[in-house]
Amino acid sequence: MSVDEKSYYNIKRLHVVFAASSLMLLAVTVWMLVADHRRQWKGYQQTYRDKVEPWVTETRILQQQHATEEADQGQQETLRHLEQTLRSQTPGRAERLLRMPIVDALGRSLAIEQIWLPELTIDYNFCRVPRFDRCLTCHQGIDRTVAGHPSRPAFPPQRLIEVELLAAANPPGGSLEQTYGFVLASRGVIDPRAPTVGLVVGETPAAFARLAVGDVIVKIDGATVANAEDVRQRLLEASGPADGFSLLIHRGLPEPYCAHPRLDLMVGSSSPHPMSEFGCTICHDGQGSATDFRWASHSPNGAKQQADWRGRRGWSHNPHWDYPMLPARFAESRCLKCHHEVVDLEPSRRFPDAAAPKLVDGYRLVRRSGCFGCHAIKGIDQTGRSIGPDMRVAPDDVEAAEASRLGLVKKVGPNLRYAIDRMDGAFLAAWISNPADFRPDTRMPKLFGLHEHLDKKSVHETSRLEAVEIRGIVEYLLASGEKVTPPAEPRDVTEKPSADRGRRVFRTQGCLACHQHNEFSEVKFPGVQSTQGPDLSNLGAKYTTAGGRRWLTGWIRDPAHYWPKALMPNSLLAPEPLPEETSEELAELDAVVKIVDPAGDVAAFLLSFEGDYQTAKLPVVDQSSLDELLASYPDEPSSVAIDVKDKLQQVGRRAIARRGCYGCHEIPGFAGAKPIGPALSDWGRKLESLLAFEQIDRFVKGPSGQGRGADDEDRDFYLDALLSHRREGFVWQKLRQPRSFDFGTTDQKGYHERLTMGQFNFTPAEREAVITFVLGLVADPPADKYIYHPDKQRRAIIEGRKVMDKYACTQCHMLEPARWSFDFAPKHFQGPPPLETFDFLRPHFTPEQLAASKRTDDRGLGRAEVVGMPRVDDSGRWLQDEDDEGNPLYFFTLWQPAAINGEVWQVGGLELMIPKSRLISRREPVGGTFARLLHRMILADSQTAATAAPPLEAWGWVPPPLSGEGAKVRLAWLHDYLLAPNRIRPAAVLRMPRFGLSSDEAGKLADYFAATANIDFPYDSRSRKGRESADPNGIYSRRPDSNTSTRAMRILLDRKTFCAKCHSIDDYEPRGDRRTTRAPNLAGVQGRIRPEYLRRWLGDPRSILPYTVMPVNFPPTGPPLGQEVFPGTSIEQLDAVMDLLLDFDEYIRSKTSAGAAIGPTPAEKP
Amino acid sequence: MPANPEQFVQSVAVPLGWFYLIVCAANVAAVVGALRLRRFLRVGVWGLLGAFFAALAYRAFIGQPAEMPQSYKEAIDAALGPVSYTVGALAALVVFYLGRSFFVKTPVAWVGLNASLLFMGLSLTDPQFAATTTNPDNLAVVAMVYLLGFFTWGAALQAVENDRRLERGLPPVEKEHDRKVLAWPDLVYTELICMILLSTLLIVWALSVQAPLEQPANPAVTPNPSKAPWYFLGLQEMLIFSDPWNAGVVVPCLIVVGLMLIPYIDRNSEGNGYYTIRRRRFAYIVFQFGFLGLWILLILVGTFMRGPNWSFFGLYEVRDAHLIVTLPNVTLSEYFWVSMLGQGVPQVPAACGWLVQSGYILWREIAGVLLLAAYFLALPPLLGCTLLRHLRDQMGRWRYIVMVLLLLMMLTLPLKIILRWTLGLNYIVSMPEYFFNF
């Protein structure tokens, strides 16, 4: 070693460098500790614990203090208890110390919270691992409800609302509480300066404005307010407009402090999906074990949210988790994991608000559009376990379908086997090449002429070959179809078909319930269901041949004649005399009766419209293209010997096979053909790397990538998804421009290798609904206990709903009346008139229900829900009136008894008057859209006629509402009636048509009504044994003595005041106007009506049907009527009549004797 | 996964602004340095560069960062095809070697650095380029490119300087200030400081680039492509061009053995303790060729240019897993028998003894066998007599033979790469019957 101790480097400088680097190391070490200490979730949790929770307690103390001013010992106790809670919620010194860095390892006041779900496993491939969800770590308030309300969230997700605060007389120096009835809390929930409502006093302007505790006042009359002082100044000192102030309110809290929406359905402890059992990721997906926003795989719902998340929460796309959370717009799709029937997600009694409207819409659209024809949606896996909605296509053969019970859904397109002689080739060719030309809103996709993605050369080649294919399909269909002779024409028709009469029939005989027509363009029903049948405008341009016209008449007369599985019902349009010839005088004079055929009239009406649609000529076949096409099929050698027709048919058959026409239509020669598209049963989980995005990035940037839906406001979201190669982007583009994934590849793909999906006619909203449904098809059902297994009653309802959906029953029949809820000030609420009726008619409410109806909320208002019909005007709008002070109010007819403010409101009594300002929610009636339309049409028609129809009674002439039908009729009768409906109400304008229901389907419908009416189990409508009603009062088994029956019969037969005035009895028919004075035949009551119902009906018909014309024949009070025919009390009369009706056949039999009629048997000859 | 390009550009705008600002600051520092040295031309140029980057930074901060034009991207992608990449990179090495006295000049290197940073900045607006370069897994490789450039440049700078001095009869720089340094404090103290600084760097790295929370490995879904750790990507790349036993076993072993043998083969005492190129030209070329040309360049290929299905992609080309690439794989025997002689490849009869069978196989592969024999047996003496005659004389026969065999072995890799890319030639000798393909 050198003795020279001089070092090479300047040692002093080295010391400085060493010191500096050591300080840097120290700094980054501290940074490390800080980064660990300040993990994202801790901030959220701390805010919730230190700000939100104490705030809630503080306001409860405020409320309690307010209540305690006139209160007792118990409330003082509560107050003390609350104060204690507040103290424990405020972090003390020890707690603060424990939250210090490093020390927090000792006792954790902030900690990760997780739900352990051993039965809800995640599929880790070859291994199912229990999930543990740590979402609660940040989402602390997710299940927090208002004290005492199991499902009202403490803080809903934040939104802006506007309320009107009525001006109040301002006592000088008065406070907000004295003037408006609300108090501002000492601080805001999260932002301490935000002016936040801490207390609302009942029956004050604030309460009427529906201000709620926790509302942050943002603006008053458009001017921003910064703090509580501002609010006081604006509301108390400045003179506002005379009538009041408009307040802009921030209600609720932002994520992650707010509660989950719909706590009655999800997350809430009393909901069907409590958080502790279901966790979060079962529905939302995402990485439950993550505690960082980013790694939890949150997915933004749009570009705006994405930018916001990136900035504020450090979001970025997380490729490390196979199951990213679903964007909010698709949240409903995961319901499909457990709710395989889908229709069980529709509004029900327990959950009258739709649980998953978008998903159900998507399901309906998929059913309607027939997606399952090309893309198998099998609801079961190989082992037969249910994995999702089952939409297997029924075999074409009816018997095979019944026997195998395999297929569940029907193909959506018309049957092309038996109906082919209605078409002429030119129309068919034009229709196939672009269906929307003839019918803009058709369900049939556009299959040809989708050339946006092709280059010039390919466009030419493709159009050439497509023209040949179209011609080929036409030839094949025309050649393979089987002719059916139309149903026999009625013989005694004397009049020629008239479009004018047909128009009237078309309008009133229910056609509009399923079909649309340009003539009635104002009739457009909302929802997917309203397009059950096609638009019938311009049919004249479609059926140009005599055969086609004959076919149409035959089809209207009896669709089942052509196809037993047709959905269109037989409207039972029998020939009838012309209306003006029906007056009895003429009939008696034996004049020549003119008989018309309504079916022919409707056909004439439909055919009288041709519109401006011009059918092109049948395209000329290009021989060289035909040969080129034939030669290009890989496995079929083209033969030179066959003629053009044969060649075309060959091409047609191949084209049908390749384009999957048989997925929607029954086509001869394609029985059992496999669907052409990939299965969708588990598409929602299909690996994104397996989706062929091909050159789509370049396509969407090009000019034709704009395409349809360019102004779609969600376009950015989907475009981002598409360019990021996500599933939702793929399916969006597939529905928008199905062939665009072929962009730039046509030079490598032969004509037959290209994509074939057609373009469907979806609006952006519909597209999103379909995407929601498809994303839900994950084929990943959780453990069996999580899968929705409806009980017997719910099962019956679900099955019934499916049948109703299939035949669109709800277009005519209302299943549930409107349901309104409103609040009221108990002191000023006027009760019902006293109830005078029989005991058995009194509505039953338990004391608890009555007490509940009297309960008021923290603003001193009561709340009530009523079921029935609002009074409407001619155009179907709610009739509005004004009370004495000029406030708008509505009239509401009760259809179900209600308990309001501790009092019972009977059906058939006074109308309720509900001020507009007091309404909280209005649920539309379920179903019956056409019935309401028909009602309006009758009223409008009758205004032009001599006699105006009474609006209330006219309800009795339209398809009846079916709520409570199960309690009304016998199920065996209902079953038979559905299969072969007969006319019951002579007054009805529209007869129940005969649907092609199977006995099984009719049974399901009967079961549905039994289940909804809550009547006895089992709903075995198909077994004819016994009288299915349990008979608690013994009224059925009672046999009246013959004396009473005879007297009751006298009531029945009394034409002056009693039954025979209006009702037919057996072969007897009363006289008078069919509409107003004719009622159902009493001879059939026995088999039709349930005894309990009959008794209530006789007692007070209006308490069941508020609109009925049937009078009260047996008054509960006052002197009984009809003493000359049946001396006795009203109840004796009533029971006797009921007994007689229920025993009518027996009685008649006892009165007649075949033996007596025929006479004594001649003595036998020896 | 590619993001929406417009949104992507917006999202990188601000970070790019900072990037340009740092480059601008570096140029300002260079201006200050040049001012001190009173080199006013440099002051002007660096000043202009600084202003240019300041302008780029401004554009980035207002949300409109300058982007590489699409045509440039396409041109670069086209230029980075496998053949042009391999040949071009090797050619560049030659150019750098020949023009080293120009390239080591500080201003030239500075301009080069600025150009590469400009290239990075412009390219980072491309989602695909950004995805590959800013991928946390690849950060080390990006850093390596710059560090390696810096160190190669630094060494070459000193070597060129020393060569110049030696030419003039002066001792190398290192010898001029020749003195002993103390273990303490000169060595240990600086090592300690380096340790601290590196720890700091690692902590900062770990804090700023966080490890993701991943799911358990999914046996049904393997990543596409499945890549080795970055330092083994060169080896993985070799697997394309050779059989696994060769690329995975023989070649790595030979690399290790060859490295171990260096002290015994290279007994040239020139350049001990100082940098020089001229005095160790052969060793320098072989090392730089082997390390930069074969090891680093292959790592770069594996990192930045291999995409799904291990297909070759340009830097800006979208990694499309569905891209169909035709890879003709032809063996030499096919070229020989079919293309040259115009007849079929001899078929090995199925039922016959192994001796006959091997005869047929040998006959089929006769061209390759002869070629290989010539390469490994005839080339060494030939080279010894001609090109490497001085080496053979210096080293003696056996040492020379070992060295030249190792060298030839090393050269098989670039030769095979070029043959594969240009002719689609897969194997010179292909005997799948014996699992022997070379």
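All figures in this text were calculated on a predicted structure; none of them were measured in a lab. Letters go in sequence order (proteins before strands), and every chain restarts at 1.
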Trainee: Supply the atom-to-atom distance A/L14 CG to B/L192 CG, rounded to the nearest 0.5 angstrom.
Mentor: 10.5 Å
Trainee: Can you say whether B/I196 sits under 4.5 Å from chain A via the side chain, the backbone, both, or neither, judging by heavy atoms?
Mentor: both
Trainee: Can you tell me which portion of A/L687 sits under 4.5 Å from chain B's heavy atoms? Options are side chain, backbone, both or neither.
Mentor: side chain
Trainee: Go through the steps to decide whether B/E214 and A/W321 satisfy the test side-chain contact (heavy atoms from CB on, under 4.5 Å), and finish with yes or no.
Mentor: CA-CA 6 Å; B/E214 294 203 30; A/W321 190 246; over 6 Å; no
Trainee: In the structure I gave you, are the side-chain heavy atoms of A/D292 and B/L213 within less than 4.5 Å of one another anywhere?
Mentor: no
Trainee: If you look at every heavy atom in B/A211 and A/W295, which pair is closest and at what distance?
Mentor: O-CZ2, 4.1 Å
Trainee: Just so I know, are the side chains of B/I203 and A/W31 near enough to count as touching, which here means a heavy-atom distance under 4.5 Å?
Mentor: no
Trainee: Should the heavy atoms of other residues, nucleotides or ligands under 6.0 Å from OH of B/Y58 be counted, would the total exceed 12?
Mentor: no
Trainee: Please say whether more than 12 non-hydrogen atoms of neighbouring residues, nucleotides or ligands are located less than 6.0 Å from CH2 in A/W116.
Mentor: yes
Trainee: Main chain of A/D322, side chain of B/Q215: is a donor-acceptor contact present, judged purely on distance under 3.5 Å?
Mentor: yes
Trainee: Using non-hydrogen atoms and a 4.5 Å limit, figure out which bit of A/A290 sits close to chain B: side chain, backbone, both or neither.
Mentor: both
Trainee: Closest approach of B/I193 and A/S21, non-hydrogen atoms and distance?
Mentor: CG2-OG, 4.0 Å
Trainee: Measure the CD1-CH2 distance between A/I11 and B/W184 for me, rounded to the nearest 0.5 Å.
Mentor: 6.5 Å
Trainee: So which atom in B/D186 and which in A/Y8 form the shortest heavy-atom distance, rounded to 0.1 Å?
Mentor: OD2-N, 2.7 Å
Trainee: My understanding is that only residues two or more places apart in sequence, or in another chain, count here; which of them pass side-chain hydrogen bond (donor to acceptor under 3.5 Å, both in side chains) with A/K749?
Mentor: A/D742
Trainee: Please round to the nearest 0.5 Å and tell me the distance separating atom CG of B/L202 and atom CG of A/L25.
Mentor: 10.5 Å
Trainee: Can you tell me if CZ on B/F19 sees more than 12 non-hydrogen neighbours from other groups inside 6.0 Å?
Mentor: yes
Trainee: Return the CZ to CG distance between A/F18 and B/L197, rounded to the nearest 0.5 Å.
Mentor: 10.5 Å
Trainee: Does any non-hydrogen side-chain atom of B/P185 lie less than 4.5 Å from one of A/Y9?
Mentor: no
Trainee: Can you tell me how far OG of B/S199 sits from CE of A/M24, rounded to the nearest 0.5 angstrom?
Mentor: 11.0 Å
